[in-house]
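Dropping a structure here in structure tokens format, bear with me for questions.
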Amino acid sequence: MNQVMKLLARMYPSSWRERYGTEFDALLEDAKPSARGVIDLLFGVLKMQLTTWTPVKTIVGLSILGVLTSAALLFVLPAQFAARDRVLVAADGESAAVAAKSLIIDRGAFDRQSLASIIQERRLYPRDRDRLSQDVLVDKMRRNINIFALPTSSTSNTDTAAFEVQFEYSDPDVAKQVDERLIGLIMERNVQAAVSRKSHWKLSVLDPPAVTQWHEGPRSVRFACFGSLVGFLAGLLVTGLAKWRTATNTHS
Amino acid sequence: MSDPSLLILSSLAGGDKHGYAMMVDIEQFAGIRLGPGTLYGAITRLEALGWIRPVGSMERRQPYTITGGGRRHLRSELAKLNLVVRIGLGRLENV
């Protein structure tokens, strides 16, 4: 503990240490080291550093701190996995993109009842099931479902569209099973929809489902961007408050 | 009263002291243990305001003394606190 306190004392700004360093080290030798003392010292260092930093240094420093904090959180938070299934829609004489949209949105492939039954079947979100209502759980599940349009080529008579259905969950096997179930829901809606229309939309799953870890890929970039944005805003706030405090002290 | 500046000025009003002696004195008269970061943050601020100043010492432990400006500030702040205390206690007794 004493070593930690001595190390923290070295982190004060050099100009401050030139003036107070010797007597401060003497105080640390006299005072009984404690966890509370370490925390107090840490805040003291931060406060003193911030008072000597220029606005630009404060904003840049806090932005970097934001990125580092978000990177640390990424590893501390439980891992999340994303299962992906790619589906090709072929529609004779019709727009495949319209067909895909019709199946997923207009025909309500992912309606509340279907999603609620998947939550029950697969026992999803065990920690939240006791404290959250079914509606809230369904909303949570919807936030874990992502649908992306994929680029495809079309022939003269048959229009094709492809999309990817992605489901994020903490267990990779469950994520895969649920993603396959979601594709199953789209297939069921296609069969039901075929009864009420003359043309036939052919749906095929392009590849076996792929599962990747949540923070491998663009999400970690988004996470880092979010951290730097929060740090940047905190930097602006701190410099604004420092200026306001200086102005108030000057007036008084 | 938990403002470190007022606690330090009150401690120095009783005589010159170095950092650790202030820490012990404040704990005795106010029951508050100031951490080293808080104590020296306040000492830095008070010295910059001219309310305390270091007194000559050959030791590593640097004693400080309260200045005239520091005494005036402390008197004014304590008078305000005293007023609040008297009004508060008076109202409590009238209830």
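Within every chain, numbering begins at 1; the chains are lettered A, B, ... in the order of the sequence lines, protein sequences first and strands thereafter.
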Bottom line for B:Glu47: the part with an atom under 4.5 Å from chain A's heavy atoms is side chain
To the nearest 0.5 Å, atom OG1 of B:Thr44 lies from atom CH2 of A:Trp16 at 5.5 Å
Is the backbone of B:Thr38 close enough, under 3.5 Å, to the side chain of A:Asp40 for a donor and an acceptor to pair up by distance?
yes
Neighbour count >12 (heavy atoms, 6.0 Å) for atom CZ, A:Arg112 | yes
Self-check item: Whether over 12 other heavy atoms sit under 6.0 Å from B:Arg60 CZ
Solution: yes
* To do: Could you tell me whether A:Arg142 atom CZ has more than 12 heavy atoms of other residues or ligands within 6.0 Å of it?
  => yes
Notebook entry, point to check: Do A:Asp30 and B:Arg61 have side chains that get closer than 4.5 Å, going by heavy atoms?
Noted result: yes
Task: Contact check, side chains of A:Leu27 and B:Met23, non-hydrogen atoms, under 4.5 Å - done: yes
Output for pair (B:Leu39 CG, A:Phe24 CZ), nearest 0.5 Å, gives 8.0 Å
Rounded to the nearest 0.5 angstrom, the NZ-CZ distance for A:Lys32 and B:Arg33 is 8.5 Å
Under a 3.5 Å threshold, yes or no: a donor from one side chain and an acceptor from the other, between A:Glu29 and B:Tyr20?
no
On a heavy-atom basis, the closest approach of B:Gly37 and A:Leu41 is N-CD1, 4.0 Å
Find out whether A:Glu23 and B:Pro54 are in side-chain contact, i.e. whether some heavy atom of one side chain is under 4.5 Å from a heavy atom of the other.
no
